[in-house]
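Have a look at the structure below, then the notes.
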Amino acid sequence: MSPITASLNSELIHNSEILEVRELTPRIFRMRFHNSFLARNSLPGQFINIKVNSEYNPLWRRPFSIHQINSGENWADILFKVIGKGTDELSRMNPGESLDFIGPLGNSFTIKPDSMKVAYMVAGGLGIAPMLILGHALLKLEIHPMLFYGVRTESEFCCLDDFESAGIKVHLATEDGSRGYKGFVTALIESTLRDMPSTTGIELFSCGPNPMLLPLGTIADRYNVPCQVSLETLMGCGVGACLGCGVKANQNELKYLYVCTQGPVFNSNEINLSE
Amino acid sequence: MSPITASLNSELIHNSEILEVRELTPRIFRMRFHNSFLARNSLPGQFINIKVNSEYNPLWRRPFSIHQINSGENWADILFKVIGKGTDELSRMNPGESLDFIGPLGNSFTIKPDSMKVAYMVAGGLGIAPMLILGHALLKLEIHPMLFYGVRTESEFCCLDDFESAGIKVHLATEDGSRGYKGFVTALIESTLRDMPSTTGIELFSCGPNPMLLPLGTIADRYNVPCQVSLETLMGCGVGACLGCGVKANQNELKYLYVCTQGPVFNSNEINLSE
Amino acid sequence: MSDLKVNIGNLTLKNPVLTASGTFGYGEEFSSFFDINDLGGIITKTITLKPRVGNPFPRIAETPSGMLNSIGLANVGVDAFISEKMPFLKTLNTAVIVNVAGNTVEEYVELISKLEDSDAEFDGYEINVSCPNVKEGGVLFGSNYNITAEITRKIRKATQRCVIIKLTPNVTSIGDVAAAVEQAGADSVSLINTLIGMAIDVDTRRPKIACITGGLSGPAIKPVALAKVFEVSKRVNIPIIGIGGIMNYQDALEFMMAGATAIEVGTANFIDPAISSTIVANLHNYCISHNIRHVREIVSSIIA
Amino acid sequence: MSDLKVNIGNLTLKNPVLTASGTFGYGEEFSSFFDINDLGGIITKTITLKPRVGNPFPRIAETPSGMLNSIGLANVGVDAFISEKMPFLKTLNTAVIVNVAGNTVEEYVELISKLEDSDAEFDGYEINVSCPNVKEGGVLFGSNYNITAEITRKIRKATQRCVIIKLTPNVTSIGDVAAAVEQAGADSVSLINTLIGMAIDVDTRRPKIACITGGLSGPAIKPVALAKVFEVSKRVNIPIIGIGGIMNYQDALEFMMAGATAIEVGTANFIDPAISSTIVANLHNYCISHNIRHVREIVSSIIA
Ligand SMILES: Cc1cc2nc3c(=O)[nH]c(=O)nc-3n(C[C@H](O)[C@H](O)[C@H](O)COP(=O)(O)OP(=O)(O)OC[C@H]3O[C@@H](n4cnc5c(N)ncnc54)[C@H](O)[C@@H]3O)c2cc1C
Ligand SMILES: Cc1cc2nc3c(=O)[nH]c(=O)nc-3n(C[C@H](O)[C@H](O)[C@H](O)COP(=O)(O)OP(=O)(O)OC[C@H]3O[C@@H](n4cnc5c(N)ncnc54)[C@H](O)[C@@H]3O)c2cc1C
Ligand SMILES: Cc1cc2nc3c(=O)[nH]c(=O)nc-3n(C[C@H](O)[C@H](O)[C@H](O)COP(=O)(O)O)c2cc1C
Ligand SMILES: Cc1cc2nc3c(=O)[nH]c(=O)nc-3n(C[C@H](O)[C@H](O)[C@H](O)COP(=O)(O)O)c2cc1C
Ligand code: FES
Ligand code: FES
């Protein structure tokens, strides 16, 4: 008698062959893996949750935004920075090895082709990760995206070619002024909006650290432009079960929204990042 | 001010460069690492205790006999079989990586060049590991060793060339008769001893599973030949601290001997393996 | 084919694999990953009389082979549970066990009455007297066997459904508590809930959990949980449900051998959302390959 | 340079790093790996009145991020300790603390008297009322705070040396036990001893430890140990010595921030025999780079 196997949903539970692991800039890696389901069905803003080893250290999976997909060649990419044990192990994996992940998970950026004229994508640091898949999706809907991209210093930029070759105009900011606008990318956005005769039809799509997203929301309000933000929190499960990934909802009564299932993308005025 | 560092004994605590990891026969690997101290100072029967990863799973180090040393080229070898997680990780390590181990640990085979004429080395399975360094040491003292080596089936033999090229005569036994004597190596030894006109000057040096060492001790007693056995037990520390590696002493009153420090080599009549 | 069925009180589970409260949502969260009807049953997130938003964040932290949590029984409350979560649970063809907690003995009774009086369809209760993450009740109740026994007695009177009391390990003698609970009429005891634990971020000097301490779960606690199951198995005759660090079918077997009739999968659901189903399949394969006709033969089969 | 000195009772340790009983032999075992005079102090394997061969094998088992042991207080006995082990310990220039255990209150007192009456040179006692691996005494004593307090009172009368009571975590309220022990005159409490745990080899159905249950130690228990240290720090004013899963200096810092004045390194000695010395060095570097003049400033510095 052949062994009994559990019937699992193969659209959400994956073991995919790693095709490439490449260090793009110091400590920032792109990992490409074969997966035709993801290559076809991932939405911009969605993420996958990866088990980096078969051990209990680290115990949890690690979440990463889907960075780029190619439905012709059946692969998907993530882009990640090595910051701790999980990402370190990930960076040491080799082509041919198998990537254990679940996903695509979470909601996605909402694109409204009718009301939207211009999409400003605002990325801080590794917040660049979901912007490429988003840019490609916007272009497909014939919305012209522009990228505003801030990092601390020039050497931290990555994937610029990918945006430029897609025809996406890129505006850079560095905190130390080593390239582009000197200062925070939020200031760059604000000055851009300030200079616009009208902000109607502009929407912001953003991903980055909370200290960047918080002022961005304020700016969006000030110029009356819709602003979607993709958030990062600790995640114990990624599927809505552990209740570990909450952010405060922006309302009087205390309420939490859960980033893994109700997000990671929120309207900036749905949430309260102020503490 | 430069950081304070603890002063550790570099003759016992090592991080050595791995030079080669080679699969000799299925699941049996030889690992060679650079270490001039070990290459010069290891005694036959001693072992090293390896941390296979920097994690807590597995928590303990893993002990392996020193298999071969080369003081000219400053390397040492271990020979190991993949049986669980620790040995699996070890087998996946690559040249250039660093091997974290302590040792040489434990006592060693006692060689008495005056009283001993013939050394019968008796190995069962992976018990072959310490026999090569022992054989080389015996030859240096101009004692002629012979190897009796038993496994289940022919494909499990390894390192035969190493013994033969050193000029050590090898007698093989397989349980299934696929090569050499059909049966246990203990039976082969017994029939050899039985056929000898006198056993004076013969000594046995043995390593293998307890079910082999136990009858070997009985045989040694019967033919009145000294018999040293190298034992394996679970080891929590390898340095005499955890008291987890005991074997019963062969005396009336209950007493334990600790394999890591009082062994791994014992005279077969010092210990009681019968339970 | 082997018979995987086990009995807990008046309940027959199709197999011994349940999912632990607070780690499997209200079931729906996992239904996209696998067919949850393959399970022996599911146990809901703890329900309280009033909705609870739960504790401040961070609520979770990783520890060596484990995790801390201090969710604080965040849940929709019993009314929304009946109106919003029950419709899905009703559609299931597996045992549904509702986990409940109260701040006072009276609250437990009120909660049970509400559920009993509703048209909710479910199979039993797991009584959480062991949550380490709430100020009132919780582990304080669970470590006092008089109160635990009193709650059990009152609940026993209030329902015909299967009553499972979930025990805390944070006590000197879990055997005493289990014995008291059996006496008071419980159908079963489940154990362990989490161990009280803590972790500090040495860079910020802050606790990694906003509420300072939390509950430790995962593989790290498995040895403790097994010892408690074994201890309780010497003290009671009602079936024991084993919980704590079960990551695979071998772990499930360990608990059954130590005395558990069924097991709950907790933290493992976070790491592999379909693991409970895989455990059912592997348990089945194990029984077949070991010629075990009835899975219950494994219970207490330790050779010690 | 920073000042690493800390005080425990009448003892001044040159730094807060001690080695835990039963994990560092009688010191000599580790002296070939590093200069043990670099440590704040060493604590001997538990000494009993009579020599003990210890429990049958297997005595140890690996668990996720931890280990079980049931050594059963194997030791040479107090007479051989004085005659055979003391000569080496005398040569040391670090605090030597003798860990002792008895089966009865009287045995504790007799043991202490023997040591007091000998010419043995050492600095204090750690009283093991918390060993989970012996039939009499041990954890049974430690979980009863009347007996623990009584032992403490009697020992306090019998010696001027520093008296540290080592507490078991296997109790409902370790804070109560600690408070009772402080009242009874202890100079310090050390915690935690091991958690009771168990593991089964599912292939053989046998427990992995011959005595069935054993004591769980290592990184797995660190969150539990930290929570207990924090709890006790709210209940007593005497210095606390933190123990449980300390593998590196960051772990040591966690314990100190949670309220420990000093720490003991246990299981980590098995994995890296020189780790205690490395922790001293790294603690020193940490103080320097964080401008900490006195290591004691770290104690209870958690921001909570
Ligand atoms: C929805 C989502 C999408 C993400 N997408 C990407 C991506 O595309 N590329 C990328 O590089 N990273 C992304 N991240 C972050 C990524 O998951 C973390 O960097 C990763 O989990 C760190 O794992 P580690 O084991 O290397 O670090 P750890 O050792 O776990 O942590 C190192 C330090 O980072 C902190 N940390 C860990 N995870 C997070 C987190 N999620 N948020 C804030 N702090 C954290 C820890 O507290 C710790 O101080 C995403 C996170 C989320 C929630
Ligand atoms: C002094 C000494 C010298 C050794 N020399 C060699 C050597 O030269 N080559 C070699 O291949 N192996 C040697 N061994 C055995 C080797 O240490 C084990 O095979 C190894 O530790 C297994 O680790 P693992 O993580 O792969 O297996 P695990 O996952 O730890 O264990 C797998 C199975 O093997 C059993 N097991 C593990 N270690 C031992 C042991 N020491 N004795 C008996 N059963 C055990 C376990 O109980 C388990 O059932 C030696 C052991 C000792 C004590
Ligand atoms: C995030 C999280 C939330 C939990 N919530 C509850 C709960 O609401 N009610 C309850 O009885 N137990 C709760 N538990 C405890 C688990 O049901 C289980 O008893 C414990 O986690 C041990 O099992 P494990 O190691 O398999 O996770 C929770 C555990 C975790 C990790
Ligand atoms: C193998 C072993 C033997 C032990 N023996 C003793 C002992 O004799 N006396 C004692 O008080 N504690 C003993 N302990 C407990 C340790 O001193 C320590 O309290 C415990 O292991 C927790 O610390 P750790 O996690 O750092 O190991 C022993 C622990 C281990 C692992
Ligand atoms: S990560 Fe677990 S609920 Fe969101
Ligand atoms: S392995 Fe620890 S005492 Fe021998």
Side-chain angles (χ1 to χ4, degrees), chain C residues 61 63-68 132 139 143-144 168-173 195-208 210-216 218-231 245 247 249-258 286 298 301-304, chain D residues 61 63-68 132 139 143-144 168-173 195-208 210-216 218-231 245 247 249-258 286 298 301-304:
Chain C
T63 67
S65 297
M67 64 174 283
L68 290 168
V139 84
S143 52
N144 179 323
T168 174
N170 301 293
V171 293
T172 307
S173 172
L195 286 167
I196 295 173
M198 174 173 169
I200 299 174
D201 180 330
V202 291
D203 294 325
T204 63
R205 297 194 180 195
R206 286 179 195 281
K208 287 194 178 176
C211 292
I212 307 181
T213 60
L216 183 66
I221 70 166
K222 192 182 65 164
V224 174
L226 271 169
K228 300 277 184 199
V229 165
F230 188 69
E231 182 185 344
M247 305 300 280
Y249 82 95
Q250 290 97 332
D251 294 339
L253 286 173
E254 273 191 89
F255 276 87
M256 297 186 72
M257 290 175 184
Y286 173 87
I298 301 169
S301 67
I302 185 174
I303 305 169
Chain D
T63 67
S65 297
M67 64 174 281
L68 290 168
V139 84
S143 53
N144 179 321
T168 174
N170 301 293
V171 294
T172 307
S173 172
L195 286 165
I196 295 171
M198 176 172 166
I200 299 173
D201 180 329
V202 291
D203 294 325
T204 62
R205 297 195 179 195
R206 287 179 194 281
K208 288 194 179 175
C211 293
I212 306 182
T213 60
L216 184 65
I221 70 167
K222 190 182 65 165
V224 175
L226 270 170
K228 300 275 182 200
V229 165
F230 188 69
E231 181 184 345
M247 304 301 279
Y249 83 96
Q250 290 97 331
D251 295 339
L253 286 173
E254 275 191 88
F255 276 88
M256 295 187 72
M257 289 175 184
Y286 173 87
I298 301 170
S301 66
I302 186 173
I303 304 170

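Just so it is clear: chains get the letters A, B, ... in the order the sequence lines come, proteins before strands, and each one is counted from 1. The structure presented is a predicted model; accordingly, all values stated were derived computationally and were not measured.
Heavy atoms of D:T63 lying under 4.5 Å from chain C belong exclusively to its side chain. For C:L253, the parts lying near chain D are the backbone and the side chain together; criterion is any non-hydrogen pair under 4.5 Å. Both the backbone and the side chain of C:A258 come within less than 4.5 Å of a heavy atom of chain D.
At least one side-chain heavy atom of C:E254 sits less than 4.5 Å from a side-chain heavy atom of C:K222. Between D:N170 and C:T172, every side-chain heavy-atom pair lies at or beyond the 4.5 Å cut-off. D:F255 places none of its side-chain heavy atoms less than 4.5 Å from the side chain of C:I200. You'll find the side chain of D:M256 stays beyond 4.5 Å of the side chain of D:S301, heavy atoms only. Side chains of D:I302 and C:R205 form no contact here, defined as non-hydrogen atoms less than 4.5 Å apart.
For chain D, the option among C:E231, C:Q250, C:R206 with the highest count of heavy-atom pairs below 4.5 Å is C:R206. Ranked by heavy-atom pairs under 4.5 Å with chain D, the list C:G218, C:G66, C:A199, C:A227 is led by C:A227. When each of D:P223, D:G197, D:P169, D:A304 is scored by its heavy-atom pairs under 4.5 Å with chain C, the top score falls to D:P223.
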